[in-house]
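Okay, so here's the structure we're looking at.
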Number of protein chains: 2
Amino acid sequence: MGISERKERQRKEVRESILSSAWELVNQDGWLNLSIRKIADAIEYSVPVVYDHFENKEAILSEFNRRGFQLMTENLAEAKARQTNHKQQLEDVAVAYWDFAFQNKEYYQLMFGLGMPTCESLTKVPELSAFISVISTTINQIAGLPQDSTEIWLKIHSFWSMIHGLVSINLVAPPVSHLNMNPDEFNKAILKDFIKSFIKGLET
Amino acid sequence: MGISERKERQRKEVRESILSSAWELVNQDGWLNLSIRKIADAIEYSVPVVYDHFENKEAILSEFNRRGFQLMTENLAEAKARQTNHKQQLEDVAVAYWDFAFQNKEYYQLMFGLGMPTCESLTKVPELSAFISVISTTINQIAGLPQDSTEIWLKIHSFWSMIHGLVSINLVAPPVSHLNMNPDEFNKAILKDFIKSFIKGLET
DNA sequence: CTACTTTTGCTAACGCCGTTAGAAATTATT
DNA sequence: AATAATTTCTAACGGCGTTAGCAAAAGTAG
């Protein structure tokens with residue numbers, strides 16, 4: 001009897017419709033205006049049904065958070081795989097990070113910009129380690145530093161900080177009026193400068 | 001007759017008590033748990049009184065936002081004034097920025113980490129330009145780039161991004177378990193490395 | 001087909017929130 | 001003392017996350 005299978009399937013359909021409706025709402029009104037009630041309205045079910053699929057609102061955000069890290073890591077890994085030269089890989093990974101942030105602002109804001117992610121909340125994202133290992137393996141190959149050493153963590157931290165700073169400052173305060181240059185070129189120029197000097201630092 | 005003067009004074013007292021109560025609440029429960037109702041309760045007035053002093057909740061946050069930029073700029077300017085050598089000034093300004101962020105996490109989170117500050121919301125902070133000019137004058141003195149040129153804006157942007165990235169990544173995901181080194185020293189080491197290479201970039 | 005059980009989904013409520021209209025109380029002025 | 005102006009409050013509106021408890025539907029067994 002395929003009854004329970006069908007039920008299972010229908011459950012997953014509702015779950016997915018919650019997520020896709022939520023995603024639509026977020027793209028319309030932003031994370032701050034997302035509400036369980038609006039989601040319930042959009043999926044044409046009553047509010048408590050949402051709670052049959054997610055423990056609470058935070059669990060929904062957390063799902064998107066994980067998807068964000070997953071998608072970003074995929075993008076980074078792809079960019080890396082397109083190259084063989086290690087330095088070039090690192091450069092392309094940085095650019096891919098940048099591109100991800102600006103092509104997926106909603107994701108990026110949820111991942112880094114939203115309500116005070118505590119230390120723990122981030123360490124509870126399993127996808128985080130996959131993301132970090134994309135970077136760390138490359139750095140390892142360039143600089144020959146052993147995994148899990150203090151030195152390589154320092155480098156990973158630097159690299160990540162550098163790009164994140166660039167991204168978030170530009171998400172929040174993009175340089176506009178002061179330029180006789182395309183802002184996009186402007187920013188990518190900074191990014192590439194950064195990476196160049198970072199790689200130089202790896203080699204010394 | 002000093003009646004209207006007294007009234008004025010009392011008005012300001014209430015306004016200040018709103019702000020100081022709010023600040024206390026924020027330090028207890030964070031920005032996300034601050035509410036007008038709690039403030040009203042703390043100042044022992046009814047809710048609408050709060051609206052006689054601030055247009056809405058955002059106006060209260062905005063007040064703290066401006067105070068944050070003011071305080072940070074003061075710290076930066078003081079650090080700068082303690083030195084005469086321009087490169088040393090820039091280095092100390094960066095360290096002062098770092099120290100401000102970690103000694104005033106609430107401020108820093110409001111200024112950069114909270115609910116999606118749009119481009120406009122930041123350009124509406126008059127204190128922002130004072131903060132930027134502390135950096136830009138120093139960079140100007142080191143690199144000799146003219147104010148308001150594309151080049152100096154590029155440098156300001158780089159400098160700010162670099163530090164902000166370091167700060168916010170460390171606020172959110174501090175390196176802990178992987179180190180046989182004091183995290184504070186670890187981070188400041190990265191910071192100083194960053195600044196050194198940044199200054200090198202200014203000179204070439 | 002009927003009686004019973006399990007699952008599913010709903011209504012309605014609780015206690016918060018920001019915000020505001022309008023009444024009540026207080027204070028100043030004539 | 002009576003009137004005008006100001007200050008302050010109560011009470012509400014619509015929204016939120018969350019949950020208890022009931023109604024409806026679907027499945028199961030005789």
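Every chain is numbered from 1 and lettered A, B, ... according to where its sequence line falls, protein lines coming before strand lines.
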Reckon [X] touches a base, only the sugar-phosphate, or nothing at all at heavy-atom distances under 4.0 Å?
X	result
B/Leu34	sugar-phosphate
A/Asp52	nothing
B/Ser35	sugar-phosphate
B/Tyr51	base

Handout entry: Considering all heavy atoms, the nearest B/Asn75-B/Ala96 contact
Key =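 Closest pair (atom of B/Asn75, atom of B/Ala96, distance): O-CB, 4.1 Å.
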Problem - Closest non-hydrogen atom pair between B/Thr138 and B/His86, with its separation - result: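 That would be CG2-O, 3.7 Å.
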Exercise for the section: State whether the side chain of B/Ser20 and the backbone N or O of B/Glu16 hold a donor-acceptor pair below 3.5 Å, judged by distance alone. Expected result: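 Judged by distance alone, yes, a pair lies under 3.5 Å.
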Practice task
Tell me, with the steps shown, if A/Val26 and A/Phe64 meet side-chain contact (heavy atoms from CB on, under 4.5 Å).
Solution key: CA-CA 11 Å; A/Val26 165; A/Phe64 283 113; 5.7 Å; no
Among [options], the nucleotide that comes nearest once only the side chain of [X] is considered:
X	options	answer
A/Lys7	C/dT19, D/dT18, D/dA26	D/dA26
A/Ser46	C/dG9, C/dT20, D/dT18	C/dG9
B/Val49	C/dT19, D/dT8, C/dC10	D/dT8

Using whole Å, report how far [atom1] of [X] lies from [atom2] of [N].
X	N	atom1	atom2	value
B/Glu58	C/dG18	CD	P	13 Å
B/Ile60	C/dC17	CD1	P	13 Å
B/Tyr45	C/dA25	OH	P	18 Å
B/Ile36	D/dA12	CD1	P	21 Å
B/Lys57	C/dG18	NZ	P	5 Å
B/Glu55	C/dG18	CD	P	15 Å
A/Asp41	D/dG15	CG	C1'	13 Å
B/Glu8	D/dT7	CD	P	10 Å

Problem - Polar pair under 3.5 Å, donor/acceptor by atom type, side chain A/Arg37, base D/dG15 - result: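 Answer is no: no donor-acceptor pair is held.
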Exercise for the section: Using a strict cut-off of less than 4.0 Å between a Lys/Arg side-chain nitrogen and an Asp/Glu carboxylate oxygen, indicate whether B/Glu91 and B/Lys87 qualify as a salt bridge. Expected result: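 Result for this pair is no, no salt bridge flagged.
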